[in-house]
Structures are given as structure tokens and as C-alpha cells.
Asks: 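This is the structure I want to talk about, given as C-alpha cells.
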Amino acid sequence: MSVPLDAVSERVRAREAWATTIVIVVGTAVLVLRPFAAAPSGARVSLFAVSYLTIGLASIAVPAERDRARLAPGFVLLMGFAAVALSASVAGTPVSLPWSTAALPLSMLAAVAEEALFHRLAYARLERFGAVVAIAGSALLFGLVHVPAYGLAALPVDVGAGLLFGWQRWASGTWTVPAGTHAFANALVVLG
């Protein structure tokens, strides 16, 4: 007795949906809890690096549909860079952050991991409700995970960044474009 191929495909899709949901929930929880990590500074850097690497790899490992590009990805990336640079020039001096030799690589790793989580997985999960819901929902989630670290005052900025990244995901058809823009924005903050 063989199982119909449609039934097997449906089971695989159901498992992938559960895996996606688990990665989103656990990854989001880890990001929300990161400001509360109590560890010596060297161990804290290692903890963050392992956390970001795990979130990023788990987010990439779960299958997700690739969307079609509506605009050339290179153009969308340049638009993101321009938006971030313009915002940085208008906003003035960023909040000073403790700097270490690990700050830049850690912020690059965080950017890629967050984009894989929010604009690859969460976006793809929300996309079945339409592009507007996917963009707004992933932006809101992106903004909310930063509240414990930066406070409610930063929420509008983080949601705005999430909207830019979500639009880039929609326009380019890939999560790697917003990852590039996010990494650029983080580098400006660290090196700024």
C-alpha cells in the first residue's frame, strides 16, 4: 500500500511550516533576551556570536519560497544604502555604544541573522496574507525585538528600518538585499 504523493507533499509542507514557526519563535525570543545575558564581557561576545550564527543558520536551513524580483536587486540595495545614509545625516550623532574589536563583526553577523529570521522566514510566513501584511508584520516584529535593548523611544526608528528592509525584500525578491542594507546601517553606527 503506497501513500499518494500529494499526501506526502502535504506532510512535508506541514513539517516545514512547524519548523519555520519554531525558528521564528525561538530566534525572536533569543533576540529579545539578549540585553539580559549575564556573562563576563569575553563570554558575552562569544554568546552573542554563537546566538547570531545559530539564528542565521537555522533561518537559512528551513525551506522558504523565493519571491520574484520586481526591481533589480542591485538598484534596491543602492536605494537602501541611500535611505540609510540620508537618515543618518538627518538624525545626527548616534547613541554612543561601547566599542570593542568584536563590535563590527558582531554587528554584521547580527544584521545577517536578523534579516534571515525576519525578512526570509517571518516575511515568507506572512506573505500568504499579502505583501502589505508581510512587510508591516515583519517590520513590527523587527522593531519589537529591539525594544529591550534600546527602549520604546527607538521603536519608531526600528519599525521604520524594518519597513525599509521589508520593502527591499518585496522589491528584490530576496532577503539578502535587506541583509546588505542592514549590515551597512550597523557599520555606520559602529564606525560612526
Side-chain angles (χ1 to χ4, degrees), residues 20-21 23-25 27-28 30-32 34 48 51-91 94 103-147 149-150 154-192:
T20 299
T21 302
V23 170
I24 292 169
V25 169
T28 300
V30 168
L31 292 173
V32 165
R34 69 186 152 178
F48 285 171
S51 297
Y52 296 143
L53 192 58
T54 302
I55 290 168
L57 291 174
S59 298
I60 293 168
V62 177
E65 296 290 323
R66 184 181 165 123
D67 202 3
R68 68 178 174 85
R70 289 157 182 87
L71 296 170
F75 175 72
V76 176
L77 182 64
L78 287 176
M79 297 233 353
F81 283 5
V84 167
L86 179 63
S87 296
S89 70
V90 170
L104 186 59
L106 211 61
S107 70
M108 299 294 104
L109 187 56
V112 173
E114 288 177 2
E115 291 311 311
L117 181 64
F118 297 121
H119 293 106
R120 183 175 186 273
L121 286 189
Y123 180 98
R125 195 83 168 107
L126 294 169
E127 195 173 30
R128 62 185 160 157
F129 302 109
V132 171
V133 171
I135 293 168
S138 61
L140 186 59
L141 190 59
F142 178 83
L144 288 172
V145 302
H146 291 89
V147 168
Y150 305 113
L155 184 61
V157 172
D158 289 324
V159 170
L163 288 170
L164 170 65
F165 301 149
W167 172 81
Q168 286 187 297
R169 166 64 175 84
W170 173 82
S172 68
T174 180
W175 68 276
T176 58
V177 169
T181 301
H182 191 164
F184 175 70
N186 283 6
L188 284 180
V189 170
V190 171
L191 300 173

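These numbers come from the heavy atoms of this one structure, side chains and all, not from hydrogens, waters or symmetry mates.
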Asks: Are Leu31 and Tyr52 close enough that some pair of their side-chain heavy atoms sits under 4.5 Å apart?
Replies: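 The answer is yes; the side chains approach within 4.5 Å.
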Asks: Could you go through Phe48 and Val30, starting from their C-alpha distance and side-chain angles, then the distance that decides it, and tell me whether this counts as side chain to side chain contact (heavy atoms under 4.5 Å, CB included)?
Replies: CA-CA 10 Å; Phe48 285 171; Val30 168; over 6 Å; no
Asks: Could you work out, with side chain to side chain donor-acceptor pair (under 3.5 Å) as the rule, every residue matching Thr181, not counting sequence neighbours?
Replies: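 Checked Thr181 against side chain to side chain donor-acceptor pair (under 3.5 Å); matches are Gln168.
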Asks: List the residues meeting side-chain contact (heavy atoms from CB on, under 4.5 Å) with Leu141, not counting sequence neighbours, and say none if there are none.
Replies: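 Leu141 satisfies side-chain contact (heavy atoms from CB on, under 4.5 Å) with Ile24, Thr28, Phe118, Ala122 only.
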Asks: So which atom in Pro178 and which in Glu115 form the shortest heavy-atom distance, rounded to 0.1 Å?
Replies: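 Closest approach of Pro178 to Glu115, heavy atoms only: CB-OE1, 3.5 Å.
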Asks: Among all residues two or more places apart in sequence or in another chain, which pass the side chain to side chain donor-acceptor pair (under 3.5 Å) test with Asp158?
Replies: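 Result, side chain to side chain donor-acceptor pair (under 3.5 Å) vs Asp158: none returned.
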Asks: Does the pair Thr174 and Ser172 meet the rule for a side chain to side chain donor-acceptor pair (under 3.5 Å), with working shown?
Replies: CA-CA 5 Å; Thr174 180; Ser172 68; 5.5 Å; no
Asks: Among pairs that include at least one residue of residues 73-90, which meet salt bridge (Lys or Arg N to Asp or Glu O under 4.0 Å), considering only residues two or more places apart or in two chains?
Replies: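 For residues 73-90, and leaving out neighbouring residues, there are no salt bridge (Lys or Arg N to Asp or Glu O under 4.0 Å) pairs at all.
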Asks: Quick check: closest heavy atoms across Ser59 and Leu117, and the distance to 0.1 Å?
Replies: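 It is OG-CA, 3.4 Å.
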Asks: Using the ring-ring contact (aromatic ring centres under 6.0 Å, His included) criterion, which residues pair with Tyr123? Sequence neighbours excluded.
Replies: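 None.
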Asks: Hey, can you pull the donor-acceptor pairs under 3.5 Å for the side chains in residues 124-137, sequence neighbours left out?
Replies:
| unit_1 | atom_1 | unit_2 | atom_2 | d |
| --- | --- | --- | --- | --- |
| Arg125 | NE | Thr21 | OG1 | 3.3 |
| Arg125 | NH2 | Thr21 | OG1 | 3.3 |
| Arg128 | NE | Arg125 | O | 3.3 |

Asks: Mind jotting down which residue pairs meet the salt bridge (Lys or Arg N to Asp or Glu O under 4.0 Å) criterion with at least one end in residues 179-188? Sequence neighbours excluded, please.
Replies: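 For residues 179-188, and leaving out neighbouring residues, there are no salt bridge (Lys or Arg N to Asp or Glu O under 4.0 Å) pairs at all.
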Asks: Restricting to ring-ring contact (aromatic ring centres under 6.0 Å, His included), what partner residues turn up for Phe184, sequence neighbours left out?
Replies: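 Listed in chain order: Phe81.
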Asks: Shortest non-hydrogen contact from Leu188 to Ala88?
Replies: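 What the structure gives for the nearest pair is CD1-CB, 4.4 Å.
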Asks: By side chain to side chain donor-acceptor pair (under 3.5 Å), which residues pair with Ser107, not counting sequence neighbours?
Replies: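 Applying side chain to side chain donor-acceptor pair (under 3.5 Å) to Ser107 gives none.
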Asks: Distance from Phe165 atom CZ to Glu114 atom CD, nearest 0.5 Å?
Replies: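 Phe165 CZ to Glu114 CD: 8.5 Å, rounded to 0.5 Å.
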Asks: Can you tell me how far CG of Leu71 sits from CG of Leu77, rounded to the nearest 0.5 angstrom?
Replies: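 It is 12.5 Å, given to the nearest 0.5 Å.
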Asks: For Ala116 versus Ile60, what's the shortest heavy-atom pair and its separation?
Replies: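 Of all heavy-atom pairs spanning Ala116 and Ile60, the closest is CB-CG1, 4.2 Å.
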Asks: Hey, could you give me the CG/CZ distance between Leu155 and Phe142, rounded to the nearest 0.5 Å?
Replies: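 Leu155 atom CG to Phe142 atom CZ measures 11.0 Å (nearest 0.5 Å).
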Asks: Any salt bridge (Lys or Arg N to Asp or Glu O under 4.0 Å) pairs touching residues 177-189, not counting sequence neighbours?
Replies: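 For residues 177-189: none.
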Asks: If you look at every heavy atom in Ala139 and Val159, which pair is closest and at what distance?
Replies: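 Answer, listing the atom of Ala139 first, then Val159: CB-O, 3.8 Å.
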Asks: Would you list the pairs meeting salt bridge (Lys or Arg N to Asp or Glu O under 4.0 Å) in which at least one residue belongs to residues 161-180, sequence neighbours left out?
Replies: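 Residue pairs with at least one partner in residues 161-180: Asp67-Arg169.
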Asks: Side chains of Leu164 and Val84: closer than 4.5 Å at any heavy-atom pair?
Replies: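 Counting from C-beta outward, Leu164 and Val84 do come under 4.5 Å.
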Asks: I'd like to check the side chain to side chain donor-acceptor pair (under 3.5 Å) partners of Ser51; sequence neighbours left out, ordered by chain and number.
Replies: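 Testing Ser51 for side chain to side chain donor-acceptor pair (under 3.5 Å), a comparison that skips the adjacent residues, returns none.
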Asks: In terms of ring plane angle, is the pair His146 and His182 parallel, tilted or perpendicular, where the classes change at 30° and 60°?
Replies: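 Plane angle between 30° and 60°, so tilted.
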Asks: Which heavy-atom pair separates Arg68 from Arg70 by the least distance, and what is that distance?
Replies: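 Shortest heavy-atom separation between Arg68 and Arg70 comes out as O-NH1, 3.1 Å.
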